[in-house]
2 protein chains.
Amino acid sequence: MRPNQPSLTPAGEVKRAQPPTLRDVAEAAGVHAATASRALNPSTRRLVSAETARRVIKAAKTLGYQPNPIARSLKTAKSSTVGLVIPDLTNPLFPPIVRGIEDVLEAEGFSAWIVNTDNDPERERVRIDSLRSRQVEGLIIATARVDHPFLEALHEQGVKMVLVNRRVENLEVPYVTADDATGIALAVRHLADLGHRRIAHLAGPQGTSTGVVRSRAFRHAIRDHGLEDDPSLIVECARWNEADGATAMRELLDKDDRFTAVVAGNDLIALGCYDVFAERGISCPDEMSVVGFNDMPFIDKLRPPLTTVGVPHHDIGAEAARMLLDCIEEPERRPRSLLLPVTMVVRDSTTHPRPLPSP
Amino acid sequence: MRPNQPSLTPAGEVKRAQPPTLRDVAEAAGVHAATASRALNPSTRRLVSAETARRVIKAAKTLGYQPNPIARSLKTAKSSTVGLVIPDLTNPLFPPIVRGIEDVLEAEGFSAWIVNTDNDPERERVRIDSLRSRQVEGLIIATARVDHPFLEALHEQGVKMVLVNRRVENLEVPYVTADDATGIALAVRHLADLGHRRIAHLAGPQGTSTGVVRSRAFRHAIRDHGLEDDPSLIVECARWNEADGATAMRELLDKDDRFTAVVAGNDLIALGCYDVFAERGISCPDEMSVVGFNDMPFIDKLRPPLTTVGVPHHDIGAEAARMLLDCIEEPERRPRSLLLPVTMVVRDSTTHPRPLPSP
DNA sequence: GCGTGGACTGCAAACGAGTGCGGGCTATCA
DNA sequence: TGATAGCCCGCACTCGTTTGCAGTCCACGC
């Protein structure tokens, strides 16, 4: 039945190609499987004598015994596994976060199942259900929207989770995000220092907390610096990508030609601006300054290198993972969230505004 | 003991918060668990009467029954899981491949464990061991080197695997790669057509099949077009990244200033060239043309947009996954490999050579 | 009327590890 | 010497599912 049948030794016993099991170890050490189990598990080792523990451990090592995590999970109802829910892995924002998460999980003996939702709620539901049926012990979620009933339902069912990059309104769930408000304030100050007075904002989707926080911070910063406070200078992008960034930029240019700088909701939206500049022959930064957000990999290689707000992606992932592990270990702890510091990364997409042509 | 204790109904029975099990379904349908199992599994459903199958399925649906994959794996020794071994997820080459893999796996009810090796052999060994102990049914490997004893050992132990982007010498293991040789031939022809006669090559590491195949194809193409065949124009990069690409480019420029174009082993190496151009005030493409390889995301946004060889990353992943599933389903089939077609993507980093300054 | 066969279904034993419980042994003390 | 406590260790069951085997029931044919 099995492709490679167990071969018979001359003595007639079956030589198993299968990896050794706990019983094999026990037998080799001359003890019962239960004893072997206790000897191998540090937290129960005190229940066996030092001598037998030593024998069992040695036998395990010589046999190359590896505990079967599936059997262990079945018995303990713990999987040492968490789910990681992101919109799309090919968005360069996420790989560094994922690495941060995995680096922490790995150190604790955990692993992550990654699922992509493509921002489709139905797909998200299906994929999360599948994660839960795989007995994940918690979820790290990067797809949260401001109003997200499904996540609320999960939370009420007691599913442990941590949000990254996003928050959900009225939901007592820990989150880890960059300090978006400060980042935007830094960006606006940078432009104001350069002399810009009329600054536009291509806001991210207002269905995401990130979009809301950043655009609110933008309005505050404009007022704090006494800059031109014109609501029509704020346009919302439907999604966080280049195409929608370009669309918003075109809309903005069509109705107003007097602003000299743009704060983009994130780097991809800034990329969309670049596309429109190319279309319309606008030179950046001479005619228009742009600031992005995130400092994505390779964004420094663009034409021109993008001035942006640097975000500690790896740390965001790492902190989120650590926080989720904390929640798993002590379920009674109350949620604690984290805002990670950002930095202003000045490159070549921003400069002094060109004096307006005299009329 | 358990944090949320099972609550008691007025009747005194225990209301379990736990998800329903197969026995619950069986009980609800008035049959034995074995029968329920057969009814729920399409391939054994013919063993039970249509009527009971209907009852069981209905009961499962009303209870919201989800089979426990852990218990199933323990019994069947199949995990519906494969391992995916890559050097580093933050290399933009991999996310599209990963998506291709997951799209196929998901459709077949499989999932992937992703591990990053950072090209460290020891780390690779540990991570693959951990995958195996998690009972993965096969591996997709993107970290293969030309000489890779560990992979050979795995293969001899009967571990099913598929290589992506790479091959291993003398190893009968299926692989899926881009048609590297044709890609390089296209790149050289493109430069030859533009009038370049003296073309350099920043080869990838010769410890990887990709590096070997591409540099061999480069030498062939140079001869086929009757171009200047100077071995000193080929420099090997230690790794496939920007820093090593830049190092190689500096070395090349220091010893020869008469070549007018470079074929980079991949896009990241080409990025390294860009850095050196900036350092030394060389203008691209006016003074030096560059061709990359892979057509990474966002590489079209560079200064200047990179001419490169387009590779169907998503398809590579998808085909590799399909191939692995085939190997799992019919272990006796002989290995079959795949070379996927590439395309020439001409952008602005290549142009006619500038006539050499008259002496 | 009895044997035969086919169609279902239940029983019980697995898969590999973890764990409450009890039994055996030794040491200690009266 | 006998009772007791304490330390180790093994027995047996459990997690949820699959599956070989055996049994039941009914219909059919000789």
Side-chain angles (χ1 to χ4, degrees), chain A residues 1-2 6 16-56 59-60 63-80 109 132-135 137, chain B residues 1-2 6 16-56 59-60 63-80 109 132-135 137:
Chain A
M1 178 125 307
R2 182 181 306 143
R16 39 164 56 193
Q18 311 293 0
T21 158
L22 184 59
R23 311 178 97 87
D24 298 331
V25 174
E27 199 170 345
V31 296
H32 192 267
T35 307
S37 170
R38 285 186 268 256
L40 259 14
N41 192 328
S43 70
T44 50
R45 188 166 301 155
R46 54 179 184 75
L47 295 175
V48 309
S49 76
E51 162 58 16
T52 46
R54 204 189 52 72
R55 272 214 325 282
V56 170
L63 289 181
Y65 170 71
Q66 292 272 91
N68 181 327
I70 302 202
R72 175 177 291 172
S73 292
L74 180 59
K75 178 62 186 173
T76 63
K78 296 186 189 312
S79 60
S80 290
R132 297 186 64 197
S133 81
R134 284 177 190 274
Q135 314 276 125
E137 297 187 40
Chain B
M1 177 122 308
R2 182 181 303 142
R16 40 163 53 194
Q18 312 294 359
T21 158
L22 185 59
R23 309 178 98 87
D24 297 331
V25 174
E27 199 170 344
V31 296
H32 192 266
T35 307
S37 170
R38 286 187 269 255
L40 257 15
N41 191 329
S43 71
T44 51
R45 187 166 300 154
R46 52 177 186 76
L47 296 174
V48 309
S49 77
E51 163 58 16
T52 46
R54 205 189 52 71
R55 271 213 326 281
V56 171
L63 288 182
Y65 169 71
Q66 292 271 89
N68 181 328
I70 302 204
R72 174 176 293 170
S73 292
L74 181 59
K75 180 62 187 174
T76 62
K78 298 187 187 311
S79 60
S80 291
R132 296 186 64 196
S133 80
R134 284 177 191 274
Q135 316 275 127
E137 297 187 39

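Lettering follows sequence order; numbering is per chain, from 1.
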D:dT17 phosphate, OP1 or OP2: any side-chain N/O from B:Ser37 under 4.0 angstrom? no

Does the side chain of A:Ser49 get closer than 4.0 angstrom to OP1 or OP2 of D:dC9 through an N or O atom? yes

Would you kindly give the CG-to-P distance between B:Leu40 and D:dG16, to the nearest whole Å? 16 Å

Look at all strands and tell whether B:Thr76 reaches a base, only sugar-phosphate, or nothing, counting heavy atoms closer than 4.0 Å. sugar-phosphate

From C-beta outward on A:Lys75, which listed nucleotide comes closest to its side chain: D:dG16, D:dC9, D:dC15? D:dC15

Given C:dG18, is OP1 or OP2 found less than 4.0 Å from the side-chain N or O atoms of A:Thr44? no

Does OP1 or OP2 of D:dC15 have a side-chain N or O of A:Ser73 closer than 4.0 Å? no

The side chain of B:Leu47 is closest to which nucleotide in this list: D:dC9, C:dG18, C:dT9? C:dT9

With nearest nucleotide decided by heavy atoms, which residue, A:Val48 or B:Gln66, maps closer to the 5′ end of DNA chain D? A:Val48

Once you round it to whole Å, what is the distance between C1' of C:dA14 and CG of B:Leu74? 9 Å

Just to verify, which of A:Thr44, A:Thr52, A:Val56 counts as forming a side-chain contact (heavy atoms from CB on, under 4.5 Å) with A:Arg38? A:Thr44

Tell me the closest heavy-atom pair linking B:Ala33 and B:Leu22, and the distance in Å. O-CD2, 3.8 Å

Let's see if you can work this out: which of D:dC9, C:dG18, C:dT19 has an atom nearest to the side-chain heavy atoms of A:Arg72? C:dG18

For atom CZ of A:Arg45 and atom C1' of D:dC7, their distance in whole Å: 18 Å

C:dA17, D:dT17, D:dT19: which one has an atom nearest the side-chain heavy atoms of A:Asn68? C:dA17

Between P of D:dC8 and CZ of A:Arg54, the distance in whole Å: 15 Å

B:Arg134 and A:Pro69: which non-hydrogen atoms are nearest, and at how many Å? CA-CG, 3.9 Å

Whole-Å distance between C:dA17 C1' and A:Asp24 CG? 13 Å

Heavy-atom donor-acceptor pair, A:Glu137 side chain to A:Ser79 backbone, under 3.5 Å: yes

Is there a side-chain contact between B:Asp24 and B:Tyr65, using heavy atoms and a 4.5 Å cut-off? no

Looking at side-chain heavy atoms only, is the closest gap between B:Ser133 and A:Pro67 below 4.5 Å? no

Tell me what A:Leu22 touches on the nucleic acid: a base, only sugar-phosphate, or nothing, going by heavy atoms under 4.0 Å. sugar-phosphate

Length of the NE2-P vector between B:His32 and D:dG20, whole Å: 16 Å

Between D:dA12, D:dC9, D:dT17, which nucleotide has the shortest distance from any of its atoms to the side chain of A:Ala34? D:dA12

Between D:dC15 (C1') and B:Arg23 (CZ): distance, integer Å: 10 Å

Between C:dT19, C:dC11, D:dG16, spot the one nearest the side chain of A:Arg38, thanks. C:dT19

A:Arg46 CZ to C:dT19 P: how many Å, rounded? 12 Å

Closest nucleotide of DNA chain C for A:Pro67 versus for B:Thr52: which of these residues is on the 5' side? B:Thr52

